[in-house]
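Here's the structure we're looking at; comments come further down.
In this chain, numbering begins with 1 at the start of the sequence shown.
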Amino acid sequence: MHFHHHDHQLIRLHIGMRNVKTALAATLCAMIYLLFGRNPTFACIGAVFGMGYDMGNSWLSGGNRLFGTIIGGLLGMGLFSLYIIFVPEGGLHPLILPLLFLGVLVLIAISLTVKWPGAIQPGAVMLCILLFNQPVDSYIAYSLNRIVDTAIGVVIALGVNLLLPRERLVRWLVKLHLHPEEPAPKN
């Protein structure tokens, strides 16, 4: 497929093996969740974050998402439980601001201490969702569900990447005459 850029340079769209495996992992998550009547959103996000170009990259990317979600979720639960002691009805109140500040500082400190700086962004997303968007009666269940959903998505992505490494996919495609060449041998 070709597209022309405004300065007349040719841009080529390439759908590679990793793209296909990412789509497969997200679709598997959605299929499993739909079978159980659950919303697959966060599992699919975990699957997309968990797919890397190889297993090492998948562990890093998926680990960032999962570890960040766990830390952000646990911090968010703790801070929100403190918040509702003073603001029992929840909602937005200025007291949430120092809790957010403290939460982000602790999240960064934990992530850097365990040498996982890539967990900061997904952890902060989870923390903000909990502090600003959850009703008082569901923040614990919400947090735990998001942690489990993310873990399932990351595990499915790792499984797809483990079962379908690039070399195996290329060999299958060559046998089906859908790929022009044999994969390069590993040294």
Of all residues at least two apart in sequence or in a different chain, which pass the side-chain hydrogen bond (donor to acceptor under 3.5 Å, both in side chains) check with Thr41? Asn39
Supply the atom-to-atom distance [X] [atom1] to [Y] [atom2], rounded to the nearest 0.5 angstrom.
X     : Y      : atom1 : atom2 : result
Leu66 : Leu158 : CG    : CG    : 9.5 Å
Leu79 : Leu100 : CG    : CG    : 9.0 Å
Thr69 : Ile147 : OG1   : CD1   : 7.5 Å

Determine yes or no for a side-chain-to-main-chain donor-acceptor pair under 3.5 angstrom, with [X] supplying the side chain and [Y] the backbone.
X      : Y      : answer
Asn161 : Tyr53  : no
Ser58  : Gly50  : yes
Lys21  : Val160 : no

With a 4.5 Å cut-off on side-chain heavy atoms, are [Y] and [X] touching?
X      : Y      : value
Ser143 : Met126 : yes
Ile32  : Ile156 : yes
Pro88  : Val136 : no

Could you check Leu99 against Leu82 for side-chain contact (heavy atoms from CB on, under 4.5 Å), going step by step and ending with a plain yes or no? CA-CA 9 Å; Leu99 294 175; Leu82 180 63; 3.8 Å; yes
If you apply the rule side-chain hydrogen bond (donor to acceptor under 3.5 Å, both in side chains), what do you find for Tyr33 with Asp149, and how did you get there? CA-CA 9 Å; Tyr33 271 66; Asp149 293 342; 2.7 Å; yes
Quick one: side chain to side chain donor-acceptor pair (under 3.5 Å) pairs with a partner in residues 74-87, sequence neighbours left out? none
Specify whether Trp116 and Phe67 have parallel, tilted or perpendicular ring planes, treating 30° as the upper limit for parallel and 60° as the lower limit for perpendicular. parallel
